[in-house]
Structures are given as C-alpha cells and as structure tokens.
Amino acid sequence: MDLFWNYGPMTVNEILERIPEPRPHVNTVSTQVRLLEANGFLGHEKEGGAFRYHALIERREYGGTFIGRLVDRCFGHTYIDAVSALVDDKKISVDELKDLIRKIEERKGNR
C-alpha cells in the first residue's frame, strides 16, 4: 500500500519496477494486488491490456483496519490484551502509555 500512497496509481509491472531486488515473481505481486482489491483497499481502471490500480483508502484508515484485524486474530478482540503484550515485550513503556492517555484525554476535551 505504501507504493500506492507514495507514487499513485500503478500497473503490476510498474509496482515491480519500484520493488528493490530481489524482486518477487510477477504472479506474487499480482496475487497481492488482487487480495488488496478484494478487501476493498485498492480499485482499478482498465488501461490498454492492463489494470492501473489505485488506493481507495488513506494510510491512517488502512492502519486502523490492519490493527483491528490483528487484535481480532491474536487477542480475541481485546485491545487491552494487545497493549499489555506491547508493554510486556518492551515495545512501549508505561511512561509512553501515560503520555498516550494524556493526549487522548486532551483530544476528547477539545471535542
């Protein structure tokens, strides 16, 4: 998805040109693009004999969707367990969590 947000609409061959070596096979990229489209993240326009794919959602929306699916699969829909795992694995500190809570509370107060 980063390629689409950074470079705009592209064909599968244009995507391949932007991927550093060693590049995956064209069929692998094509499959990934079709999966992203099937999940509602990409759309396409016919261009000659190829499809030009484009992002249907913004980066922030995609991140939220991805995180939601991850939490559903790995933590049984429980965000608290997901955050606890981040703290346990030292991916986020208690102080960072406190700062995050403060920022959230400030946003809620501004609404």
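These numbers come from the heavy atoms of this one structure, side chains and all, not from hydrogens, waters or symmetry mates.
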Surrounding CZ of Arg102 (heavy atoms of other residues, nucleotides or ligands, distance under 6.0 Å), is the total greater than 12? yes

Kindly compute the distance separating CD1 (Ile92) from CG (Asp99), expressed to the nearest 0.5 Å. 9.0 Å

Please name the residue in the list Val29, Leu35, Thr28 that meets the side-chain contact (heavy atoms from CB on, under 4.5 Å) test with Thr31. Leu35

Distance from Glu61 atom CD to Met1 atom CE, nearest 0.5 Å? 9.5 Å

Would Arg34 and Asn39 satisfy side-chain hydrogen bond (donor to acceptor under 3.5 Å, both in side chains), going step by step from the backbone distance to the final call? CA-CA 9 Å; Arg34 285 195 313 274; Asn39 284 305; over 6 Å; no

Run Glu45 and His54 through side-chain hydrogen bond (donor to acceptor under 3.5 Å, both in side chains) and show every step you take. CA-CA 8 Å; Glu45 301 290 327; His54 58 274; 4.7 Å; no

Report yes if some heavy atom in the side chain of Tyr79 is under 4.5 Å from a heavy atom in the side chain of Ile67; otherwise report no. yes

Rounded to the nearest 0.5 Å, how far does CD of Glu58 lie from CH2 of Trp5? 8.5 Å

Side-chain heavy atoms under 4.5 angstrom apart, residues restricted to Ile, Leu, Val, Met, Phe, Trp, Tyr: same cluster for Ile57 and Leu70? no

Are side-chain heavy atoms of Val71 and Thr78 found at a separation under 4.5 Å? no

Out of curiosity, Thr11 OG1 to Tyr53 OH, how far, rounded to the nearest 0.5 Å? 9.5 Å

Within one Ile-Leu-Val-Met-Phe-Trp-Tyr cluster: Phe75 and Leu86, side-chain cutoff 4.5 Å: no

Residue pairs involving residues 86-95 (criterion side-chain hydrogen bond (donor to acceptor under 3.5 Å, both in side chains); sequence neighbours excluded): Ser93-Glu96

Check whether any side-chain heavy atom of Asn6 lies under 4.5 Å from a side-chain heavy atom of Arg18, and answer yes or no. no

Roughly how far, to the nearest 0.5 Å, is CG of Leu42 from CG of Leu56? 6.5 Å

Out of curiosity, Phe4 CZ to Leu36 CG, how far, rounded to the nearest 0.5 Å? 7.5 Å

Any chance you could lay out the side-chain contact (heavy atoms from CB on, under 4.5 Å) test for Leu3 and Met10, step after step, and finish with the verdict? CA-CA 9 Å; Leu3 290 173; Met10 291 181 283; 3.5 Å; yes

Glu21 with Arg23: basic N within carboxylate O range, under 4.0 Å: yes

Stepwise side-chain contact (heavy atoms from CB on, under 4.5 Å) test for Glu37 and His44: CA-CA 8 Å; Glu37 184 176 31; His44 74 266; 2.3 Å; yes

Taking everything shown except Lys46 itself, do over 12 heavy atoms lie less than 6.0 Å from its NZ? yes

What do the steps show when you test Arg59 against Asp2 for side-chain contact (heavy atoms from CB on, under 4.5 Å), and what is the final call? CA-CA 8 Å; Arg59 188 183 305 262; Asp2 279 335; 2.5 Å; yes

Taking the six-membered ring for Trp and the single ring otherwise, decide whether the centroids of Phe41 and Tyr62 are under 6.0 Å apart. yes

Donor-acceptor pair, distance only, cut-off 3.5 Å: does the side chain of Ser30 make one with the backbone of Val26? no

